[in-house]
Colleague: 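Sharing a structure here in structure tokens format.
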Number of protein chains: 2
Amino acid sequence: MKVSNQNIEIDGIDKEILRALMQDARTPILEIARGVGISGAAIHQRLRKLEKSGLISGSKFTINPKILGYTTMAFIGIYLDKAMSNPEAVKQLRKIPEVIECHYTTGNWSIFIKILCRDNEHLMQLLNKDIQSISGVSRTETFISLQQQIDRQIPI
Amino acid sequence: MKVSNQNIEIDGIDKEILRALMQDARTPILEIARGVGISGAAIHQRLRKLEKSGLISGSKFTINPKILGYTTMAFIGIYLDKAMSNPEAVKQLRKIPEVIECHYTTGNWSIFIKILCRDNEHLMQLLNKDIQSISGVSRTETFISLQQQIDRQIPI
DNA sequence: CATGAAAATGCCCCATT
DNA sequence: AATGGGGCATTTTCATG
């Protein structure tokens with residue numbers, strides 16, 4: 001089976017390459033080559049093709065925030081005044097390092113963010129001091145992630 | 001300055017190593033070594049220390065879901081019947097590949113998920129066919145990410 | 001913790017098919 | 001698209017400071 005989109009086609013070998021690298025970005029190309037039974041040079045060519053297609057958007061070491069003391073994840077829905085320019089609010093949110101995701105969303109909230117904090121006191125400080133002080137923010141609704149059960153990418 | 005937690009201490013060199021690899025997991029160790037001015041072997045030792053501490057939880061290639069046609073991200077709050085065992089619901093959610101995050105949360109919802117879908121029709125199918133059919137799910141509230149403005153890790 | 005050296009391994013380009 | 005070869009870079013280990 002082929003998955004195709006625009007001018008990009010991904011076959012089973014591409015999938016195996018991607019799956020290996022999605023699990024561990026430092027998997028040696030030659031190891032993948034041995035696994036799928038083609039030469040390293042071929043894997044290399046396919047990788048260049050996949051990168052050029054934009055399918056591979058990067059590779060990252062992932063840090064466990066808990067080790068740094070960030071044990072609490074929370075989601076915050078933000079209501080903005082109608083007059084407020086959303087991009088300006090995002091600009092201010094970007095300055096808060098604890099904000100790790102930020103979305104414009106449909107629904108009641110104008111903006112929806114994900115944050116990491118050390119504890120409830122830290123969370124309260126982020127809400128009251130950092131976020132509520134952004135001009136245009138009228139109200140927020142917060143809920144805490146008690147436990148994350150799934151964290152993955154779309155399967156290839 | 002030192003960031004410390006339990007038995008782990010991270011100095012400025014560790015931070016430079018982590019920052020480089022968080023940006024690009026395939027950054028050559030020797031390149032980092034040249035940048036910070038110590039030997040490759042020393043970087044290697046530090047990396048092993050950081051891995052052992054659990055701070056580094058892995059490395060991943062990141063896939064751009066849009067290239068595969070997954071152009072829509074949505075968040076769904078799920079109400080579960082009181083009698084329902086949450087772990088069973090999570091088990092069912094795990095079978096849906098479009099579910100890329102799943103949290104137990106405080107607040108009105110029992111479970112909060114993030115999904116990727118191809119279009120609104122696909123979203124509706126996920127809601128009506130896949131999620132609503134999970135026993136114990138009484139109601140859902142959905143909002144769509146119109147645009148993601150921030151996506152990052154906690155800064156080191 | 002850091003180092004240099006050395007061995008092993010892998011990367012990446014190329015000509016060819 | 002895939003292959004093997006080969007030059008060069010990187011990784012990894014080790015004994016030592």
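Just so we're on the same page: letters track the sequence lines, and every chain starts at 1. Only heavy atoms go into these numbers, but all of them, side chains included; no hydrogens, no water, no symmetry mates.
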Colleague: Just compare D/dA2, D/dT10, C/dA2 and give me whichever is closest to any side-chain atom of B/Ile38.
Modeller: C/dA2
Colleague: Give the ring-plane orientation class for B/Phe75 versus B/Phe112, where under 30° counts as parallel, over 60° as perpendicular and anything between as tilted.
Modeller: parallel
Colleague: Distance check needed: D/dT11 C1' versus B/Ile17 CD1, whole Å only.
Modeller: 15 Å
Colleague: Under 4.0 Å: is that the gap between some side-chain N or O of B/His44 and OP1 or OP2 of D/dT11?
Modeller: no
Colleague: Which residue in the set A/Arg152, A/Lys114, A/Gln149 passes side chain to side chain donor-acceptor pair (under 3.5 Å) when paired with B/Glu101?
Modeller: A/Lys114
Colleague: Which is true for A/Arg48 with a 4.0 Å heavy-atom rule: it touches a base, it touches only sugar-phosphate, or it touches nothing?
Modeller: nothing
Colleague: Please give, in whole Å, the distance from D/dT11 P to B/Arg34 CZ?
Modeller: 9 Å
Colleague: Under a 4.5 Å cut-off applied to non-hydrogen side-chain atoms, are B/Leu21 and A/Lys60 in contact?
Modeller: no
Colleague: Atom CD of B/Gln45 and atom P of D/dG17: how far apart are they, to the nearest Å?
Modeller: 16 Å
Colleague: Would you kindly give the CZ-to-C1' distance between A/Arg46 and D/dA2, to the nearest whole Å?
Modeller: 9 Å
Colleague: Go through D/dA2, D/dT10, C/dG4 for me and flag the one nearest to the B/Pro28 side chain.
Modeller: D/dT10
Colleague: Evaluate whether atom CD of B/Glu141 has more than 12 neighbouring non-hydrogen atoms of other residues, nucleotides or ligands under 6.0 angstrom away.
Modeller: yes
Colleague: Within this structure, what is the NZ-to-C1' distance between B/Lys49 and D/dT12, rounded to whole angstrom?
Modeller: 18 Å
Colleague: State which of D/dA2, C/dC13, C/dT3 makes the closest approach to the side chain of A/Ala41.
Modeller: C/dC13
Colleague: Assign B/Leu30 to base, sugar-phosphate, or nothing according to its heavy-atom contacts below 4.0 angstrom with the strands shown.
Modeller: base
Colleague: Given atom CD1 of A/Ile29 and atom P of C/dC11, what is their separation to the nearest angstrom?
Modeller: 5 Å
Colleague: Return the nearest nucleotide to the side chain of A/Ile13; candidates are C/dC12, D/dA2, C/dA2.
Modeller: D/dA2
Colleague: Would one find a side-chain N or O of B/Arg26 under 4.0 angstrom from OP1 or OP2 of D/dT10?
Modeller: no
Colleague: Can you establish whether the number of heavy atoms outside A/Gln132 located under 6.0 Å from its atom CD is more than 12?
Modeller: yes
Colleague: Nearest-Å distance, CD1 (B/Ile43) to P (D/dA9)?
Modeller: 19 Å
Colleague: Could you state the atom-to-atom distance from CG of A/Leu47 to P of C/dC13 in whole Å?
Modeller: 12 Å
